[in-house]
Engineer: 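The structure that follows is given in the form of structure tokens.
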Amino acid sequence: MKKLILSILASTFILSCSNNSSSNNDNNTNSNSLTDIDGNVYQNVSICSQTWMKSNLNVSHYRNGEIIPQVTDPTQWANLTTGAWCYYNNDPANGAIYGKLYNRYAIMDPRGLAPTGYHIPDVSEFNSLINCVGIYSVGKVMETGTAHWLSPNSIATNESGFTAVPGGYRGNQQSGPSGYINSGIFRYINESGSWWTTSPGGFNTATNQLTGYRAFSIQSDGINGGFDITPDFQMFFGASVRCIKN
């Protein structure tokens, strides 16, 4: 009888350990990735004390399931007062590489753009990333190779695993004879990546009005590169989004 009881206890213990091990493996797997409301899966990377998505956001619905409209027309894009997204050059092939470009209204929408458990970073969180890898070490966050960055991309090592890609942006105004005439153009793919922050930017003391919003950018000419946090991205600008874990 004692041998039977010991055998049952041993079997129960082994089964329990097996289940716990399986559960831990599942949790580890889940902690290394996240899934947005559209079913897109993103890998995570831990950099110092932060956990970042390794690729740009590509979602077309807010966290509550309501749709974010795609807007391709430049005039319509420039006059929006609500959230929207587009692909660079309105080409869906760019979405698979660089994700979507979102306007500022989508970033600010209370329905939530980031997947559950994540948020869009503020300036201080991007500054922490820069300080972690080193202000003169932009190559540590850049995707290696020349599939997307300008050749020879000799500074890129991606040691951090952040895997920044140069998705450009939409909405830099084009100057013409009568001033700024076009706010729907696309710029700097393969040369620069720009990501929204939740922090306000430029302020005009004469009019007492906010004049821009901050965006984190990485630029490279193929040999040199650097970080920038610009305060003048406007509401209609289209930029990438990279989320960070809460």
Engineer: Report yes or no: does D109 contribute a side-chain atom to a donor-acceptor pair with the main-chain N or O of Y105 at less than 3.5 Å?
Structural biologist: no
Engineer: Does the side chain of F236 reach to within under 4.5 Å of the side chain of L80, using non-hydrogen atoms?
Structural biologist: no
Engineer: Ignoring hydrogens and angles, tell me if any N or O in the side chain of Q50 forms a donor-acceptor pair with the backbone of E125 under 3.5 Å.
Structural biologist: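 Here the side-chain-to-backbone pair exists.
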Engineer: When you measure from the side chain of R242 to the backbone N and O of L57, does any donor-acceptor pair fall under 3.5 Å?
Structural biologist: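 No, because the side chain of R242 does not come within donor-acceptor range (under 3.5 Å) of the backbone of L57.
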Engineer: So, F233 versus W196, ring centres under 6.0 angstrom or not?
Structural biologist: yes
Engineer: Under the side chain to side chain contact (heavy atoms under 4.5 Å, CB included) criterion, do W195 and I218 qualify, and how do the steps go?
Structural biologist: CA-CA 9 Å; W195 295 267; I218 296 171; 4.0 Å; yes
Engineer: Show the nearest heavy-atom pair for residues N103 and G83, with the distance to one decimal.
Structural biologist: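 Heavy-atom minimum between the residues: OD1-CA, 3.4 Å.
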Engineer: Could you tell me if the side chain of V133 sits less than 4.5 Å from the side chain of F227, heavy atoms only?
Structural biologist: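 Side chain of F227 against side chain of V133, heavy atoms only: contact under 4.5 Å found.
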Engineer: Please tabulate, for the side chains in residues 144-157, all donor-acceptor contacts under 3.5 angstrom to protein atoms that are two or more places apart in sequence or on a different chain.
Structural biologist:
from : atom 1 : to   : atom 2 : distance (Å)
H148 : ND1    : E143 : OE1    : 2.7
H148 : ND1    : E143 : OE2    : 3.4
W149 : NE1    : A164 : O      : 2.9
N153 : ND2    : E143 : O      : 3.0
N153 : ND2    : G145 : O      : 2.6
T157 : OG1    : E159 : N      : 3.4
T157 : OG1    : E159 : OE2    : 3.2

Engineer: If I take atom CD1 from residue I67 and atom CH2 from residue W85, how far apart are they, to the nearest 0.5 angstrom?
Structural biologist: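 Taking CD1 in I67 and CH2 in W85, the distance rounds to 8.5 Å.
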Engineer: Q43 and N32: which non-hydrogen atoms are nearest, and at how many Å?
Structural biologist: OE1-O, 3.2 Å
Engineer: Mind checking whether V241 and F162 sit in one hydrophobic cluster, side chains of I, L, V, M, F, W, Y counted as touching below 4.5 Å?
Structural biologist: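 No, separate clusters.
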Engineer: Do S124 and D122 have side-chain atoms, one donor and one acceptor, less than 3.5 Å apart?
Structural biologist: yes
Engineer: Do you know the tightest heavy-atom contact between R111 and E66?
Structural biologist: NH1-OE1, 2.7 Å
Engineer: Could you walk me through whether Y102 and V59 pass the side chain to side chain contact (heavy atoms under 4.5 Å, CB included) test, one step at a time?
Structural biologist: CA-CA 10 Å; Y102 299 89; V59 74; 3.5 Å; yes
Engineer: N58 and Y42: which non-hydrogen atoms are nearest, and at how many Å?
Structural biologist: N-OH, 3.0 Å
Engineer: Rounded to the nearest 0.5 Å, how far apart are CE of M235 and OG1 of T82?
Structural biologist: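 Rounded to the nearest 0.5 Å, the CE-OG1 separation comes out at 10.0 Å.
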Engineer: Parallel under 30°, tilted from 30 to 60°, perpendicular over 60°: which one fits the rings of W52 and F126?
Structural biologist: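 The rings of W52 and F126 sit tilted, inter-plane angle from 30° to 60°.
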Engineer: As a quick check of understanding, evaluate side chain to side chain contact (heavy atoms under 4.5 Å, CB included) for T51 and S46, giving each step before the final call.
Structural biologist: CA-CA 4 Å; T51 301; S46 294; 3.7 Å; yes
Engineer: Could you tell me if the side chain of L113 sits less than 4.5 Å from the side chain of C243, heavy atoms only?
Structural biologist: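 No. Closest side-chain heavy atoms not under 4.5 Å.
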Engineer: To which residues is L101 joined in a hydrophobic cluster, defined by side-chain heavy-atom contacts under 4.5 Å among Ile, Leu, Val, Met, Phe, Trp and Tyr, whether direct or through other members?
Structural biologist: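 Joined to L101, directly or through intermediates: Y88, I97, Y98, V165, F186, I189.
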Engineer: Has T197 got a side-chain atom pairing as donor or acceptor with R214's backbone, closer than 3.5 angstrom?
Structural biologist: yes
Engineer: Determine, step by step, whether K100 and Q70 satisfy the side chain to side chain contact (heavy atoms under 4.5 Å, CB included) criterion, reporting the C-alpha distance in whole Å, the side-chain angles of both residues, the deciding distance to 0.1 Å, and the verdict.
Structural biologist: CA-CA 10 Å; K100 293 177 171 62; Q70 178 184 12; over 6 Å; no
Engineer: Output, in order, the C-alpha distance, side-chain angles, deciding distance and verdict of side chain to side chain donor-acceptor pair (under 3.5 Å) for D232 and T230.
Structural biologist: CA-CA 6 Å; D232 58 0; T230 175; 2.4 Å; yes
Engineer: Can you get from Y87 to F237 by hopping between Ile, Leu, Val, Met, Phe, Trp and Tyr side chains that sit under 4.5 Å apart?
Structural biologist: yes
Engineer: Decide yes or no for D38 and S60: does some side-chain heavy atom of the first lie under 4.5 Å from some side-chain heavy atom of the second?
Structural biologist: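 Yes, side chains in contact.
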Engineer: Say whether N44 and Y118, considering side chains only, have a donor N or O and an acceptor N or O under 3.5 Å apart.
Structural biologist: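 There is such a pair between these side chains.
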Engineer: Can you tell me how far the CG atom of D73 sits from the SG atom of C86, to the nearest 0.5 Å?
Structural biologist: 11.5 Å
Engineer: Looking at residues at least two apart in the chain, or sitting in another chain, which of them share a side chain to side chain donor-acceptor pair (under 3.5 Å) with N246?
Structural biologist: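 Side chain to side chain donor-acceptor pair (under 3.5 Å) list for N246, sorted by chain: H119.
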Engineer: Determine whether a donor-acceptor pair (N or O, by modelled atom type, separation under 3.5 Å) exists between the side chain of N90 and the backbone of T72.
Structural biologist: yes
Engineer: Would you say the side-chain atoms of D221 pair up with the backbone N or O of E191, donor to acceptor, closer than 3.5 Å?
Structural biologist: no
Engineer: Between M53 and V141, is there a shared hydrophobic cluster once you connect ILVMFWY residues whose side-chain heavy atoms come closer than 4.5 Å?
Structural biologist: no
Engineer: Grab the two heavy atoms, one from N158 and one from M142, that are nearest each other, plus how far apart they are.
Structural biologist: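 Minimum heavy-atom contact is CB-O, 3.1 Å.
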Engineer: Give the cluster check for V123 versus I107: same hydrophobic cluster or not, with ILVMFWY residues linked at side-chain heavy-atom distances below 4.5 Å.
Structural biologist: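 No, because V123 and I107 fall into different hydrophobic clusters, even though each may have its own neighbours under 4.5 Å.
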Engineer: Out of curiosity, does V41 fall in the hydrophobic cluster containing I37 (side-chain heavy atoms, cut-off under 4.5 Å, transitive links)?
Structural biologist: no
Engineer: Can you tell me how far the CG atom of D36 sits from the CZ atom of R63, to the nearest 0.5 Å?
Structural biologist: 11.5 Å
